[in-house]
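See below for the structure under consideration.
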Amino acid sequence: MTKLVTKRLLTKMLATGAAVSMLTLPGAAPSLAASLGNGSAEEALSTTSPSESSPSESSAGGSSSTDSPADASADAAEGEDKDTSTQAAAEGTKVQLLNITDFHGRIAEAGTQVASVVEEQRATYAAEDGTAGTGVLSAGDNIGASTYVSSSQQDTPTLDVLNAIGVQASAVGNHEFDQGMEDLAGRVSSEADFPYLAANVYSEGTTDVVDGLEGYTTVDVGGVKVAVIGVVTKDTQSLVSPDGIAGLEFGDPTDAVNRVAGEIENLPEDEQPDMTVVEAHLGASSTESLDEAKASNAEFNKLVTEADASVDVLFTGHTHLPYSFEAPVPGEPDRTRPVLEAGSYGEYVGQVQLEADAEGNWTTENTELIETEKKSYDSPVVDEVSQIIADADAKAKVPGSVVAGEISEDITRATKDGKEDRGAESTLGNLVADALKDGVEGTQLDDADFGITNPGGLRTDLKCDDIYNKEDTCEVTAAELSSVLPFANDHGVVTMQGSDVIGLFEEQWQPDDASRPFLHLGISEELEVVYDSDAAKGKHVKSVEVNGKKLDPNKEYRVATLSFLAAGGDNFSSFAEGDFELSGRTDFETWVDYFENRTEAGEKVSPDKDERQADMSKDVIDNGELTVDLAAPEDGIEPGENRDFVLNTTAEAEVPGPVDVTVDLPEGYTVSAADPASAGAQQGGQSETAKAPEVTVDAATKTMTLESIPAGESDVAINVTAPEDASGEVTLEVGLKAGDAQWWDDNPLPVNHAFEATAQVGDEANAAAGDDGGADGTSDGAGSDADATGGDNGSANASGSNAGSNGTGANADDSGATSANANASGATSANADGSGSNANGSKDGGDLPRTGFEAMNLVAAALALIVAGSMAVSMVRRRKATV
């Protein structure tokens, strides 16, 4: 009872002396409360009565839990009209609320700046006439995905900073669950001087808020009682490790808000708050207008349009976007309420200033998103925050400054319009997958077949110019590596069926209610995936290969990954079908080892810019926007002579480059880019009107590059010189794929295409050398069988429409001529393994060494066929190789 009286007395003192109390160091308030009564500071913070308050923030007197509403029988009278008029702040009462969201432990980057804005706004508002005070709140994700200074110490320094600036209440964010419910309800909550609110996080099978969290709290802001309801997105169940939230259910946020609003209405009148605020860790994905914001996210739309009319302010988060709107109050068209999100990482502090009218409603006087960059303010609180950060930084510097390795250039996440794009392939995601796979070696586990990671686990980029301490440019420290993978997930191997692996790649297309429609998995170099983004749900994946061999749906594969995914996180439920074995290490440890191992080998870590997943729908050859033919010289080649093979393209529109052209020939033959004027001249004039694209040759990398492929018809002449002792036939193999360009992962030629043409050499040079062996599936007339003289060179036709009327595979005569004909079912390839008839001119079926241009991504010798229904899809996936 002494504690209760003392706290009420202190609240009254704060209400009457708000201007003075706001300038008091927040950290001193709990000890003051203890000194006025017989309880300890800890007791002063543990009250659960809505009428009690423990001052942890100077202007507001702290926060108090009110998770148990009074019984409905406590209503003043049966049938009494419980509307917002029960919120009885005197007319003209003014209150300021400051809000942050998605801070993610950025204390070293923005801690003092945030503290400076909060302190300056407190002081400025206190100096105005008639103001009650300032409250400080958060919409969640205060911790988790933090940078090294905080993450290396389990985010304790971040909680210390938030305590220092006087945060009074916070919604839980999804990242508060990163280390599981037990950690959140135990260690985290005990270190925070404010309650974590989660009105829609229930014990499984109930609508009871889980033990250890609160549905709402009431804080005192200069004598004004403010009820704060906290909710978190339902997506949390797929955004964190399922193991850490076992036994929990995440309900509809707006339904929870309205349920709690009803409970608050049923409180005795003397316990009614003067104002109700929602802290919601969910938000809009578009900020152009309120209508677009509502349309961008169903949870956000429902909250804005259906949250109880008693709610005066909606603070949101999760999407990391700054916005501020005034939204109509449901059922009260003459009233609006502020809806805002303060961005992320402490870049903004959201400010709302309100004034009570004669009816007890609150009108918005001012809303603003205050930028924190370069802000500095002279205050004891800012000094305290600065010292907390300095101590944490010093503690983290020793392990964090160790150089783990060196990168050759920036290795980054995917971006779109300057923002992170989790729906696209990234060099960083693929590199992490490589590290997860390699990290199994040396553990007690059997080796993994490949590695997979999720894009949401990548929290920053590796850049040469990012310097953590005093390392050299492009050197990478442990702290920088931790910032990329800050979650400390367990590392291990999931043994799963091939069919479930295919299922994983289908699950990149997320459920309809997910916040992102597509999540692009990072995959290790052993994997190659081809998908069609335009295909029907469940049928996107067209091919999965492991080390160049088609994945067997009935075979078991060992997949290196992290515990978050292994438990089915991010809606990748197929992982949960397998058996997860822990390596005893974290993802961060394997990540560091990957760099250290390459340092020991004297190697830099470089990004692999080859796509490991390719979208067929983007491919201009596959979708028919570009057709390609390869023609041999009609009158063949004499020994020692040079002649032009012509690569002919017909494009509906210009295909932006660069486009790499690879050329492969038997040993002894040489090749060069011919004079464009000669293209077609040796072909009987068949391409006299075709344009010639610009061609450059890099002798160092032996790469022939087309600057672009022009719209309409164009020819590229490839000059081949036969050796003096040549005879029989020569087959030229040409590959076509996208080069290294800025449009990587959204390019017009993500899939390799191979083409062949055969010319007679020597005495048989006057025989018909045949038509092109275009393998793009679009060339008219391709697909006839090779005749007895090595005539027409058939095409491996992807569409099945020109694949040869006889439905047979490749035929060859005694000279070793090859027909690259694929039947309409796609059942055979053109003897790519060199058995039987072959494409290199050998008469005995053996493989001859080959020479010629070696592209950065050399196309394999033969055409791989992928069957999609009744359609044979022709592709040769990229893979670096040498000849």
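None of the values given here were measured: they were computed from a predicted structure.
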Validation row: [X], [Y] side chains within 4.5 angstrom (heavy atoms):
X	Y	result
S574	V494	no
L340	F315	yes
K302	D252	yes
F194	T217	no
F572	L521	yes
V228	Y216	no

Check: Y345 ring centre within less than 6.0 Å of H320 ring centre = yes

If you round to the nearest 0.5 Å, how far is [atom2] of [Y] from [atom1] of [X]?
X	Y	atom1	atom2	result
E577	M496	CD	CE	8.0 Å
I245	L184	CD1	CG	11.5 Å
S146	F103	OG	CZ	8.5 Å
H104	T147	NE2	OG1	11.0 Å
I107	D160	CD1	CG	8.5 Å
I229	L314	CD1	CG	9.5 Å

N/O donor-acceptor pair under 3.5 Å between [X] side chain and [Y] backbone:
X	Y	result
S138	S170	no
W362	D274	yes
T372	G346	yes
N258	D308	yes

Non-neighbouring partners of D183 that pass salt bridge (Lys or Arg N to Asp or Glu O under 4.0 Å), sequence neighbours left out = R187

Which residues pass the side-chain contact (heavy atoms from CB on, under 4.5 Å) test with [X], not counting sequence neighbours?
X	value
A488	none
P242	A567
N571	S238, Q510, P511, A514
D579	none

What are the two closest non-hydrogen atoms of [X] and [Y], and how far apart are they?
X	Y	value
L321	A284	CD1-O, 3.5 Å
Y323	G283	OH-CA, 3.5 Å
Q272	N266	NE2-N, 4.3 Å
M275	L354	CE-CD1, 4.0 Å
R335	A309	NH1-O, 3.7 Å
A145	P486	CA-CG, 3.5 Å

Verify side-chain contact (heavy atoms from CB on, under 4.5 Å) between L267 and I264, making sure each step is shown before the conclusion.
-> CA-CA 5 Å; L267 290 170; I264 292 172; 4.2 Å; yes

Going by the side chain to side chain contact (heavy atoms under 4.5 Å, CB included) test, name the single residue among [options] that passes it with [X].
X	options	result
V136	I100, V167, V349, V219	V167
E191	D155, L162, L159, N163	L159
V226	V221, V313, T276	V221

side-chain hydrogen bond (donor to acceptor under 3.5 Å, both in side chains) contacts in which one or both residues fall within residues 200-212, not counting sequence neighbours = Y202-R259

Within residues 279-289 or reaching into it, pairs that qualify as side-chain hydrogen bond (donor to acceptor under 3.5 Å, both in side chains) - sequence neighbours excluded | D141-H281, N174-H281, H281-H318, S286-E292

If you count the non-hydrogen atoms of other residues, nucleotides and ligands that lie under 6.0 Å from CD in E365, is the total more than 12?
-> yes

List the residues meeting side-chain hydrogen bond (donor to acceptor under 3.5 Å, both in side chains) with [X], not counting sequence neighbours, and say none if there are none.
X	answer
Q508	Q613
T236	none
Y196	N142, E176

Can you check side-chain contact (heavy atoms from CB on, under 4.5 Å) on D587 and F564, steps first, answer last?
-> CA-CA 10 Å; D587 54 357; F564 168 76; over 6 Å; no

Do T364 and E326 pass the side-chain hydrogen bond (donor to acceptor under 3.5 Å, both in side chains) test, and can you show the C-alpha distance, the side-chain angles, and the key distance before you say yes or no?
-> CA-CA 9 Å; T364 305; E326 281 288 323; 3.3 Å; yes

side-chain contact (heavy atoms from CB on, under 4.5 Å) between F487 and L562, worked out = CA-CA 10 Å; F487 301 120; L562 36 89; over 6 Å; no

Residues V277, D312; criterion side-chain contact (heavy atoms from CB on, under 4.5 Å); working and verdict | CA-CA 6 Å; V277 173; D312 299 292; 5.5 Å; no

Listed once per pair and sorted, the salt bridge (charged side-chain N to carboxylate O under 4.0 Å, His left out) pairs that draw on residues 233-244, sequence neighbours left out | none

Can you list every salt bridge (charged side-chain N to carboxylate O under 4.0 Å, His left out) pair that touches residues 502-517, not counting sequence neighbours?
-> none

Checking side-chain hydrogen bond (donor to acceptor under 3.5 Å, both in side chains) for the pair N366/Q351: CA distance, chi angles, key distance, verdict?
-> CA-CA 8 Å; N366 178 60; Q351 178 191 59; 3.0 Å; yes

Evaluate side-chain hydrogen bond (donor to acceptor under 3.5 Å, both in side chains) for T233 paired with E299, printing each intermediate quantity in order.
-> CA-CA 8 Å; T233 174; E299 279 188 329; 2.7 Å; yes

T460 and S483: side-chain hydrogen bond (donor to acceptor under 3.5 Å, both in side chains), yes or no, with the steps?
-> CA-CA 6 Å; T460 191; S483 294; over 6 Å; no

For T319 and E341, test the side chains for any donor-to-acceptor distance below 3.5 angstrom and give the result as yes or no.
-> yes

